Visitor: 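Sharing a structure below in structure tokens format, with a few things to ask.
Predicted, not measured: the structure shown is a model, and the values here were computed from it. We name chains A, B, ... by the order of the sequence lines, and we start the count at 1 in each one.
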There are 2 protein chains.
Amino acid sequence: MSAPVYNRVALIGLGLIASSMFWAMKRAGLAGEVTGYARSAETRDTARRIGLCDRVCDSAAEAAEGADLVVLCVPVGAMGAVVQDIESVLKPGATVSDVGSVKAHVIEAVAPHIPDGVHFVPAHPLAGTEHSGPEAGFAELFDNRWSLLVPVEGTDPDAVQRLRDLWEGMGANVDEMDADHHDLVLAVTSHAPHLIAYTMVGVADDLRRVTDSEVIKYSAAGFRDFTRIAASDPTMWRDVFLTNKDATLEILGRFTEELFALQRAIRTGDGEHLHQYFTRTRAIRRGIIEAGQDTDAPDFGRAKKT
Amino acid sequence: MSAPVYNRVALIGLGLIASSMFWAMKRAGLAGEVTGYARSAETRDTARRIGLCDRVCDSAAEAAEGADLVVLCVPVGAMGAVVQDIESVLKPGATVSDVGSVKAHVIEAVAPHIPDGVHFVPAHPLAGTEHSGPEAGFAELFDNRWSLLVPVEGTDPDAVQRLRDLWEGMGANVDEMDADHHDLVLAVTSHAPHLIAYTMVGVADDLRRVTDSEVIKYSAAGFRDFTRIAASDPTMWRDVFLTNKDATLEILGRFTEELFALQRAIRTGDGEHLHQYFTRTRAIRRGIIEAGQDTDAPDFGRAKKT
């Protein structure tokens with residue numbers, strides 16, 4: 001058990017990330033009291049039933065009042081509205097953070113509403129599953145994953161360090177980078193791959209000459225890995241693409257260019273080009289396993305489960 | 001233990017699929033003796049060392065001679081050459097099969113070399129991992145996966161039934177379909193997804209403003225699922241694309257069209273279009289889990305392992 005890093009933490013929004021944060025904070029004793037708020041009454045009821053948060057409040061302001069740390073865990077497009085609900089109750093010396101997948105837009109939407117004397121330290125934990133909602137969370141979600149802190153210029157270093165302590169206490173590794181670089185890195189590692197997976201699943205669903213039941217039965221041949229990604233929360237992802245537009249479109253442009261080159265190699269029968277390309281991509285996979293960001297078990301270990 | 005389905009089985013090529021077939025046949029006692037051959041002396045040595053095959057032979061003809069079933073487990077582009085090495089030793093009443101991911105091309109390359117009195121029943125097990133080689137195989141690989149039989153017109157029904165018994169004995173479900181439909185279904189569920197994954201991994205590697213080490217560290221945000229697919233055997237996949245050219249290019253054309261529509265929605269800020277699209281793709285994922293072709297464990301269950 002660590003000493004609490006914050007006496008009072010408020011989680012605004014109670015989905016996969018917030019609920020995992022709650023269980024991870026409890027696991028390590030990182031917070032004295034954790035309050036929570038979700039816009040939907042059904043989510044609040046679920047949270048109360050499963051013991052998610054020490055106190056579930058009926059407004060964001062009630063949850064945030066008196067908190068030492070307020071974490072905005074809502075879709076990126078809702079951050080601006082939420083901070084306006086709580087700005088008047090934030091206590092001096094408190095820190096506001098978030099867990100949004102896009103950083104420049106969140107800073108633009110949230111920073112103007114942070115009162116003097118309150119710190120704002122944007123963050124983004126690179127962890128998740130294809131499940132969403134308050135019951136999807138678990139304490140181990142952040143273990144050995146990266147959480148990126150994106151402090152704006154002039155932020156109090158002590159406030160940044162304290163948030164770093166919290167994330168490390170929840171099991172994560174922490175890096176800092178600026179917002180624009182964050183948004184480009186995430187466009188490559190997350191946003192473009194998600195859009196591509198959504199697209200491929202949509203194509204399979206549309207194709208009239210192959211039935212959905214064939215697609216589903218024969219998915220183990222590669223397709224199912226795409227469907228896992230494409231099952232992620234639609235609202236969250238809509239907001240990501242709308243708010244990280246430029247970087248995502250840039251990467252998709254590169255992707256299309258490269259795909260056309262490979263299509264051309266297929267059409268012209270250029271086996272050498274294909275073989276070289278496929279050999280190069282294997283090395284990246286090896287790097288990911290060595291960096292501890294995935295398992296080397298064949299088929300993620302699921303092949304041996306029946 | 002079932003009774004042996006074939007007295008003598010020969011496996012030509014000793015990679016992931018052949019080695020898994022060997023262990024799966026041994027598990028259920030489906031074959032009296034299994035011989036094996038691989039072109040590389042190193043692979044044959046490895047096979048002898050790990051006990052893969054009852055007898056490892058130094059030529060394909062030696063392995064195939066006297067066999068009741070000969071299974072071609074080499075890359076699709078090598079099938080035609082391999083069958084020419086063994087056609088003179090095939091015994092009357094024997095069955096030749098294969099495990100290639102493309103069927104029309106394999107039939108075209110192999111069928112002309114099948115002697116009178118020998119059966120030819122092409123097959124394709126939809127199972128695999130990102131690992132390859134003789135040491136990558138395991139007996140459970142085919143459990144609850146689909147194996148597709150693609151018999152050519154006029155094939156002896158008893159020969160088809162016997163091969164079906166073998167695959168079912170190795171744990172697989174079996175379906176039959178014709179070669180052109182197989183190649184289209186696989187273009188959707190496997191070939192196009194693989195090419196797309198290879199492309200995305202190549203783009204990430206190429207991008208100068210994001211380092212490889214950033215891509216690797218932050219891959220858990222979605223990208224790593226692509227890298228697993230893109231780590232598959234380069235020779236096998238080169239051959240797949242070159243021999244299933246038309247269906248793959250057709251699906252990639254549909255994919256590009258759909259991707260452009262989504263890019264346009266991002267550019268114009270059409271959140272409704274994105275949200276609807278992402279909601280629709282979730283249903284397919286549900287179907288795959290209900291069909292038993294994947295686990296519902298979050299993040300394939302790897303999130304809880306540290």
Side-chain angles (χ1 to χ4, degrees), chain A residues 126 129 131 140 143-145 185 188-190 193-194 198-204 210 214 216 218-227 229-231 234 237-238 241-242 245 252 254-255 258-259 263 266 271 274-275 278-279 281-282 284-285 287-288 291 293-295 298-300 302 304 306, chain B residues 126 129 131 140 143-145 185 188-190 193-194 198-204 210 214 216 218-227 229-231 234 237-238 241-242 245 252 254-255 258-259 263 266 271 274-275 278-279 281-282 284-285 287-288 291 293-295 298-300 302 304 306:
Chain A
L126 308 189
T129 76
H131 300 300
E140 299 83 2
D143 285 346
N144 199 32
R145 295 289 164 251
V185 169
V188 179
T189 55
S190 179
H194 272 80
Y198 276 121
T199 306
M200 188 62 226
V201 174
V203 167
V210 175
E214 285 177 320
I216 287 167
Y218 309 139
S219 66
F223 183 72
R224 67 176 170 182
D225 290 351
F226 281 62
T227 67
I229 303 183
W237 282 99
R238 177 200 61 197
F241 296 121
L242 294 180
K245 188 181 289 199
L252 291 174
R254 297 282 296 252
F255 171 84
E258 204 80 35
L259 182 63
Q263 276 180 258
I266 293 174
L274 296 172
H275 194 274
F278 302 164
T279 302
T281 56
R282 270 198 154 175
I284 295 199
R285 174 71 187 166
I288 287 170
Q293 292 303 300
D294 208 351
T295 165
D299 204 19
F300 305 130
R302 67 186 164 195
K304 296 219 177 196
T306 52
Chain B
L126 308 188
T129 76
H131 300 300
E140 300 83 0
D143 285 346
N144 199 31
R145 295 287 164 250
V185 168
V188 179
T189 55
S190 179
H194 272 81
Y198 277 120
T199 307
M200 187 62 227
V201 174
V203 167
V210 175
E214 285 176 320
I216 286 168
Y218 308 140
S219 66
F223 183 72
R224 67 176 169 183
D225 290 351
F226 281 62
T227 66
I229 302 184
W237 282 99
R238 176 199 63 196
F241 296 121
L242 294 180
K245 188 181 289 201
L252 291 174
R254 298 283 295 253
F255 171 84
E258 204 81 35
L259 182 63
Q263 276 180 257
I266 293 173
L274 296 173
H275 194 274
F278 301 164
T279 302
T281 55
R282 271 198 153 174
I284 295 199
R285 175 71 187 164
I288 287 170
Q293 292 302 302
D294 208 351
T295 165
D299 204 19
F300 304 132
R302 67 185 163 194
K304 296 218 175 197
T306 54

Visitor: Verify whether one side chain among B/R285 and A/T227 offers a donor that lies under 3.5 Å from an acceptor in the other.
Guide: yes
Visitor: Can you tell me how far CZ of A/R238 sits from OG1 of B/T279, rounded to the nearest 0.5 angstrom?
Guide: 9.0 Å
Visitor: Between B/A204, B/A231, B/G222, who has the most heavy-atom pairs with chain A when the cutoff is under 4.5 Å?
Guide: B/A231
Visitor: So B/R224 and A/T189, side chain to side chain contact (heavy atoms under 4.5 Å, CB included) or not? Walk me through it.
Guide: CA-CA 8 Å; B/R224 67 176 169 183; A/T189 55; over 6 Å; no
Visitor: I'd like to know if the side chain of B/S219 reaches the main chain of A/I288, judged simply by a donor and an acceptor atom lying under 3.5 Å from each other, with no hydrogens or angles considered.
Guide: no
Visitor: With only heavy atoms counted, which part of B/Y198 is less than 4.5 Å from chain A, the side chain, the backbone, both or neither?
Guide: both
Visitor: Tell me, for B/H275 versus chain A, whether the close heavy atoms (under 4.5 Å) come from the side chain, the backbone, both or neither.
Guide: both
Visitor: If you count heavy-atom pairs under 4.5 Å between each of B/V201, B/V185, B/L274, B/I216 and chain A, which one has the most?
Guide: B/I216
Visitor: Which of the residues B/H194, B/R282, B/E214, B/Q263 is involved in the greatest number of heavy-atom pairs with chain A at under 4.5 angstrom?
Guide: B/R282
Visitor: Could you tell me which portion of A/F226 (side chain, backbone, both or neither) has an atom closer than 4.5 angstrom to a non-hydrogen atom of chain B?
Guide: side chain
Visitor: With side chain to side chain contact (heavy atoms under 4.5 Å, CB included) as the test, would you mind laying out the steps for B/V210 and B/Y218 before giving the verdict?
Guide: CA-CA 11 Å; B/V210 175; B/Y218 308 140; over 6 Å; no
Visitor: For B/L126 and B/R145: C-alpha separation, side-chain torsions, deciding distance, then whether side chain to side chain contact (heavy atoms under 4.5 Å, CB included) applies.
Guide: CA-CA 6 Å; B/L126 308 188; B/R145 295 287 164 250; 5.7 Å; no
Visitor: If you count heavy-atom pairs under 4.5 Å between each of B/F241, B/F255, B/F223 and chain A, which one has the most?
Guide: B/F255
